[in-house]
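Scroll down for the structure; my scribbles are underneath it.
Both backbone and side-chain heavy atoms feed into the values below; hydrogens, waters and symmetry mates do not.
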Amino acid sequence: GGISRRRTPKSFRLFFRTEYGADRFPEGALFGLQHNPLTSFVLDASKHNATQLVDPVAMDVSRMVGAITPETTPVVMYLNGERLGVYIAMEHISPGYLRAYYRHDNFSMIRTRHYEPVIGKIEDYNELREWSKGADLTLKNVSEKIDIENYARWLISVLLCLTKDFDQGPALRD
């Protein structure tokens with residue numbers, strides 16, 4: 001993350017590659033047996049205090065209302081035999097995560113904070129943004145471009161969880 005790079009303790013993003021040993025984390029070891037094999041995930045240390053479980057609870061609430069969210073679970077982190085403390089293991093939202101979730105590659109994703117493409121084309125996002133400026137924003141017209149039900153679930157989860165940085169995550173065109 002941006003500001004978390006300046007803080008201690010540090011968060012980690014773990015990647016599993018065949019050339020370094022295993023190409024994935026053991027199936028079901030973090031998020032249950034029904035979960036897709038993990039090839040990467042994040043160990044979040046951003047809050048090492050009483051508020052550390054706020055994000056996982058918010059993810060659970062969001063999932064309960066039907067929003068698409070990464071799985072999370074608390075873990076105790078050891079590095080080279082040294083106990084670093086409690087971290088939150090979280091699926092990393094990446095093209096691989098999206099391929100596993102949606103079972104296809106036909107999507108574009110950007111990071112909304114800097115409007116940088118992660119996969120696909122920034123033009124997909126720009127086209128929607130330009131359309132929204134001049135469109136007749138009736139429910140019928142909007143539903144042709146946006147999954148209204150999914151958007152409503154996301155909005156409800158933002159409101160329920162009092163999210164402060166809701167506009168910094170990925171934007172996805174499926």
Side-chain angles (χ1 to χ4, degrees), residues 1-7 11-15 30-32 34-47 51-73 87-174:
I3 198 163
S4 66
R5 290 182 181 153
R6 291 181 252 146
R7 293 184 180 155
S11 293
F12 297 89
R13 186 177 309 157
L14 303 177
F15 296 93
L30 280 177
F31 306 120
Q34 77 286 354
H35 199 274
N36 293 316
L38 295 169
T39 57
S40 70
F41 62 90
V42 173
L43 290 172
D44 182 16
S46 63
K47 294 183 181 76
T51 65
Q52 188 173 24
L53 293 178
V54 168
D55 289 346
V57 169
M59 298 284 190
D60 288 347
V61 168
S62 297
R63 206 171 297 106
M64 285 180 208
V65 297
I68 299 165
T69 62
E71 294 284 338
T72 63
T73 191
Y87 281 66
I88 301 299
M90 180 183 308
E91 290 179 289
H92 179 241
I93 298 176
S94 66
Y97 167 85
L98 295 169
R99 269 191 296 281
Y101 188 87
Y102 288 106
R103 308 274 189 239
H104 66 75
D105 280 327
N106 187 23
F107 52 82
S108 293
M109 182 174 78
I110 66 158
R111 289 185 181 95
T112 56
R113 185 168 186 174
H114 304 290
Y115 299 101
E116 59 185 335
V118 174
I119 191 169
K121 302 175 289 190
I122 190 73
E123 291 79 18
D124 290 333
Y125 179 77
N126 289 337
E127 177 187 321
L128 179 64
R129 194 168 61 178
E130 288 305 310
W131 169 84
S132 70
K133 290 178 184 177
D136 179 18
L137 297 179
T138 64
L139 191 57
K140 181 180 185 278
N141 289 342
V142 171
S143 67
E144 292 173 5
K145 295 272 188 183
I146 297 172
D147 179 346
I148 297 290
E149 188 174 327
N150 186 46
Y151 181 74
R153 289 176 178 161
W154 170 81
L155 186 57
I156 290 167
S157 71
V158 166
L159 294 171
L160 286 174
C161 299
L162 302 174
T163 304
K164 294 179 185 171
D165 60 354
F166 63 90
D167 62 339
Q168 292 188 36
L172 177 70
R173 186 224 16 111
D174 174 15

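Taking the side chain to side chain contact (heavy atoms under 4.5 Å, CB included) definition, one finds that Val61 meets it with Val57, Leu160, Cys161, sequence neighbours left out. Contacts of Asp60 classified as side chain to side chain donor-acceptor pair (under 3.5 Å), with partners at least two apart in sequence or in another chain: Arg63. The side chain to side chain contact (heavy atoms under 4.5 Å, CB included) check on Leu14 picks up Phe12, Phe16, Phe41, Leu43, with sequence neighbours excluded.
Counting all heavy atoms, side chain and backbone alike, Tyr87 lies closest to Ser11 at CE2-CA, 4.5 Å. Of all heavy-atom pairs between Ser62 and Ser157, the closest is OG-CB, 3.0 Å. Residues Arg153 and Gly66 approach most closely at CD-O, 3.2 Å, considering heavy atoms.
For Glu71 (side chain) and Glu91 (main-chain N/O), no donor-acceptor pair under 3.5 Å exists by modelled atom type. Although no hydrogens or angles enter the test, the distance criterion places no donor-acceptor pair under 3.5 Å between the side chain of Thr72 and the main chain of Met90.
Using modelled atom types, one finds a donor on one side chain and an acceptor on the other under 3.5 Å when comparing Asn126 with Arg129.
Within the 4.5 Å cutoff, the side chain of Thr69 has no heavy atoms near those of the Trp154 side chain.
Within 6.0 Å of OH on Tyr151 lie no more than 12 heavy atoms contributed by other residues, nucleotides or ligands. Residue Glu144 qualifies as enclosed at atom CD: its count of foreign heavy atoms under 6.0 Å is above 12.
Annotation: the span from Ile146 atom CD1 to Asn141 atom CG amounts to 11.0 Å, rounded to 0.5 Å.
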